[in-house]
Amino acid sequence: MSYMDTYQRALDNPEEFWAEVAQGIHWDVPFTKVLDSSNIPFYRWYPDGKLNTCYNAVDRHVENGRGEQAALIYDSPVTQTVEYITYAELKNRVAKFAGALTKLNVSKGDRVVVYMPMVPEAVIAMLACARIGAIHSVVFGGFAPKELATRINDAKPKVIVSATCGIEINRVIEYKPLLDAAIEQAIHKPDSCIILQRSQCKAGMIDGRDHDWQEVEATANVVDCVSVEATHPLYILYTSGTTGMPKGVVRDNGGHAVAMNWTMKNIYNVEPGDVYWAASDVGWVVGHSYICYAPLIYGCTSLVYEGKPVGTPDAGAFWRVIEQHKVKVLFTAPTAFRAIKRDDPEGKLIKDYNISSLATLFLAGERSDPPTLAWAEEQLKVPVIDHWWQTETGWAISANCLGLEQFPIKHGSASRPSPGYDLKILDDKGNPLPCGEMGKMAVKLPMPPGCLLTLWQKDEEFIEAYLSMHEGYYMTWDAGYIDSDGDVWVMSRLGDVINVAGHRLSTGGMEEVLASHPDVAECAVIGVADELKGQIPIGLVVLKSGAKTEHETLITQLVELIRKEIGAVASFKKAVIVDRLPKTRSGKILRGTMKKIADCEHYSIPATIDDPVILNEITEALKTIGYRSESE
Ligand code: COA
Ligand code: AMP
């Protein structure tokens, strides 16, 4: 069926469409109702169906003859390891680890925090939770103890699963001290921790609380899949909002499994048995959906890559992996390709490898800048598809759905709305805008299966953050337009969120950290353009009168503070001290204008500015850290 027919069908008759799509999933108790709209705006898919996500991702493939196929390939250039885990082995390991969790009193509905590097055990822990109906919350390894503590306090896990270390190119990053510090800082204390002792770093265990992964797995009994309601939460994944308090996005079991399964053929155009590689991290939504769940639910082989696009050992790393494992689809963030292009601009290393297995490259996480996309196309000679999605949606809001029909690729556009998403561009009053006009990107409710149910134990905040701006719509907080062909252009982000190397971070959260320094009176953090990472944060800081710390020392302290409180992943390296910040007469800091100054973009002096002279002072200050305005 063509894209347009499919899209229209999902729009006109969503229940019929998604009931049919749901047949790709094994239901323990088939649903009789497709969509529950009795408690809007809280829509629920397949409300009376029961299933188990782990069964669909693992066990059923073993029962259907895929037992000997690799489910996971662990490729770790940083430890010189390549390991194949078949579906049969995965089933056994997951069932045992689920047994270990059960022994630690984890059962349906309990939370388990997973703070792990890119090792197969991270996926095993996630699937083991799904197996027993526990709710996992994976926290990205690059986050500092305070961020981990915030998530522990919110999710209140019974158990935390972690490892002794991660490896960043050639540096061993000890995780255990970070975990211990986070638990110490957190008000909520987990009953137990399970720690994977890696050979690169052994860690001491706390008696009575910590358990060795190998030991608990070896001694556990296998446990079977627990049937859960389709609406039962599968996981919580925290994402940056406008404040330092991250939002706990809750995903269900049923809608998620259905959507994941459908996207593999219809968006990515893969078949069961194909090798699918999302070069991301299990700590991000891309890792949840396309390292763990979707490829496995669909019966593909999924690659768990513990390495970088460059430096492990060089800019040929991705091509080596594609050749060695016959990868059919690669999915990564544009920043990875900018890094490769920077190190190997002529793509010389590609010629050393046979990458003929590669059918398509998918990019997401940030806007694909046209030069990078063109470079990737020229080097790889396969379609390069930009698709747009968010932690909240779990899968692409817009994409070139290759399994349905391929549309001509327009550099800079994220292609057409995916079936199920009634995407509208709204003006400030909530009226839909005609094509070509830029506005707020919103999805008319109900969202398709797989999107967030709510924020963890914060229904009101969920409505406030996403649904209250314009009644009947989910607000993506992105701005863009749809052109006359129906192609979607995502141009910028509304609100205080920036995108650093494909990672979504809160500038508001960073401002809270800077403001906690005793010498800081007020501050602003803005995301400025960066050739490699897309955006990076910089700070503008006003000191308290009488602040005594020497300026250079203070800047170093501020950089360290962000690293300590948020994590290295923030890539916060520069700050500048200014006498005052530009504000509107009502006191709102003009972050957007400062960003334009730093990015050398044209800006007009806001009519509401309190004192325009400050903008000259800001320009001069930004020059001292390497930014300047060429337009006045
Ligand atoms: N554990 C601990 N520290 C981590 C970490 C982890 N899991 N991941 C990153 N960090 C650290 C890095 O070592 C780095 O520290 P440094 O400032 O001391 O050098 C810092 O966090 C920033 O990391 P990163 O954003 O990865 O930047 P980088 O300069 O090391 O690498 C790229 C740049 C482009 C190669 C890298 O961002 C990348 O591979 N991106 C791929 C895209 C991707 O995964 N996107 C996810 C969404 S799809
Ligand atoms: P995250 O939830 O961390 O995945 O970040 C989601 C945000 O990243 C989106 O709301 C967009 O702002 C941005 N984003 C993701 N993919 C794209 C894309 N293909 N084009 C433009 N922006 C994107």
Side-chain angles (χ1 to χ4, degrees), residues 115-118 122 139-144 163 165-175 178 237-241 247 249 278-291 305-312 315 317-318 331-343 362-369 373 385-394 396-399 412-415 441 452 475-480 488-495 497-506 530-536 559 562-563 566-573:
Y115 183 63
M116 300 277 274
M118 278 296 290
V139 179
F140 176 60
F143 279 124
C165 67
I167 300 148
E168 280 293 293
I169 304 192
N170 47 16
R171 275 181 304 148
V172 171
I173 314 263
E174 288 189 41
Y175 277 27
L178 305 177
L237 178 57
Y238 289 90
T239 187
S240 298
K247 295 185 188 329
V249 165
S280 178
D281 189 286
V282 283
W284 307 115
V285 67
V286 173
H288 280 63
S289 293
Y290 292 105
I291 294 173
Y305 176 66
E306 189 181 29
K308 298 259 177 181
V310 294
T312 57
F318 275 18
F331 175 176
T332 191
T335 187
F337 268 75
R338 288 197 294 272
I340 296 169
K341 185 174 145 203
R342 181 194 58 187
D343 284 12
F362 281 85
L363 297 173
E366 57 177 320
R367 181 162 185 264
S368 288
D369 53 296
L373 200 141
I385 309 292
D386 180 13
H387 62 331
W388 166 53
W389 52 303
Q390 316 181 299
T391 305
E392 289 82 348
T393 63
I397 309 168
S398 78
S413 158
S415 205
M441 310 182 84
L452 80 170
M475 187 51 56
T476 66
W477 289 93
D478 284 324
V488 175
W489 299 73
V490 187
M491 302 311 290
S492 63
R493 179 86 199 170
L494 306 162
V497 165
I498 59 170
N499 203 310
V500 181
H503 310 321
R504 179 163 140 197
L505 298 164
S506 159
D530 182 76
E531 233 175 69
L532 175 65
K533 299 193 178 184
Q535 283 187 313
I536 50 162
V559 168
I562 297 266
R563 208 180 163 84
I566 295 179
V569 67
S571 298
F572 184 89
K573 303 260 157 94

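Whatever order the structure lists them in is the order used to number ligands and atoms, beginning at 1.
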Calculate, to the nearest 0.5 Å, the distance between atoms [atom1] and [atom2] belonging to [X] and [Y] respectively.
X: Phe318; Y: Lys308; atom1: CZ; atom2: NZ; result: 10.5 Å
X: Phe143; Y: Tyr238; atom1: CZ; atom2: OH; result: 12.5 Å
X: Thr335; Y: Asn499; atom1: OG1; atom2: CG; result: 9.0 Å

What protein heavy atom is closest to [atom], reported as residue, atom name and distance in Å?
atom: atom 26 (O) of ligand 1; result: Lys308 NZ, 3.0 Å
atom: atom 48 (S) of ligand 1; result: Ser280 OG, 3.6 Å
atom: atom 19 (O) of ligand 1; result: Arg171 NH2, 3.8 Å
atom: atom 20 (C) of ligand 1; result: Ala568 O, 3.3 Å
atom: atom 41 (C) of ligand 1; result: Ala336 CB, 3.9 Å
atom: atom 39 (O) of ligand 1; result: Pro309 CD, 3.0 Å

ask   = Of the backbone atoms (N, CA, C, O) and the side-chain heavy atoms from C-beta on, which set of Val286 has a member under 4.0 Å from an atom of ligand 1: side chain, backbone, both, or neither?
value =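 Val286 to ligand 1: side-chain contact only, backbone stays beyond 4.0 Å.
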
Judged by atom type as modelled, is there a donor-acceptor pair below 3.5 Å linking the side chain of [X] to the main-chain atoms of [Y]?
X: Ser413; Y: Val488; answer: yes
X: Ser240; Y: Arg504; answer: yes
X: Gln390; Y: Thr476; answer: yes
X: Arg493; Y: Ile498; answer: no
X: Ser571; Y: Ile536; answer: no
X: His387; Y: Leu363; answer: yes

Does ligand 1 have any atom that is closer than 4.0 Å to a heavy atom of [X]?
X: Lys533; result: yes
X: Arg338; result: no
X: Gly365; result: no
X: Phe140; result: yes

What's the shortest heavy-atom distance between [X] and [Y], and which atoms?
X: Leu494; Y: Asp478; value: CD1-O, 3.9 Å
X: Thr391; Y: Thr239; value: OG1-OG1, 3.5 Å
X: Pro117; Y: Cys165; value: CG-O, 3.3 Å
X: Leu237; Y: His288; value: CD1-CE1, 3.6 Å
X: Val490; Y: Arg367; value: O-CD, 3.1 Å

With heavy-atom distances below 4.0 Å as the criterion, list the atoms of ligand 1 near [X].
X: Gly141; result: 1 (N), 2 (C), 6 (C), 7 (N)
X: Gly502; result: 47 (C)
X: Arg563; result: 16 (P), 17 (O), 18 (O)
X: Gly142; result: 1 (N), 2 (C), 3 (N), 4 (C), 5 (C), 6 (C), 7 (N)
X: Thr335; result: 34 (C), 40 (N), 42 (C)
X: Lys573; result: 17 (O)
X: Tyr175; result: 1 (N), 6 (C), 7 (N)
X: Ala501; result: 25 (O), 37 (O), 45 (N)

request  = Verify the distance criterion only: is there a donor paired with an acceptor across the side chains of Tyr305 and Thr332 at less than 3.5 Å?
outcome  =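 Judged by distance alone, the side chains do not pair up.
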
request  = Going by heavy-atom distance to atom 4 (C) of ligand 1, choose the closest among Met116, Glu168, Glu306.
outcome  =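 Shortest heavy-atom distance from atom 4 (C) of ligand 1: Glu168.
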
query = Nearest non-hydrogen atom to atom 43 (C) of ligand 1 belongs to which of Ala333, Gly307, Gly166?
reply =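 Nearest heavy atom to atom 43 (C) of ligand 1 lies in Ala333.
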
Those residues that, when tested against Tyr115, pass ring pair (Phe, Tyr, Trp, His ring centres under 6.0 Å) (two or more places apart) =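 Tyr175.
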
Per-atom contact, atom 32 (C) of ligand 1, protein heavy atoms, under 4.0 angstrom =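 Not a single protein heavy atom is under 4.0 Å away.
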
ask   = Ile340 and Val310: side-chain contact (heavy atoms from CB on, under 4.5 Å), yes or no, with the steps?
value = CA-CA 6 Å; Ile340 296 169; Val310 294; 4.2 Å; yes

Atom-level proximity to ligand 2, residues with heavy atom under 4.0 Å =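 Residues near ligand 2: Val285, Gly365, Glu366, Arg367, Asp386, His387, Trp388, Trp389, Gln390, Thr391, Asp478, Val490, Arg493, Asn499, Arg504.
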
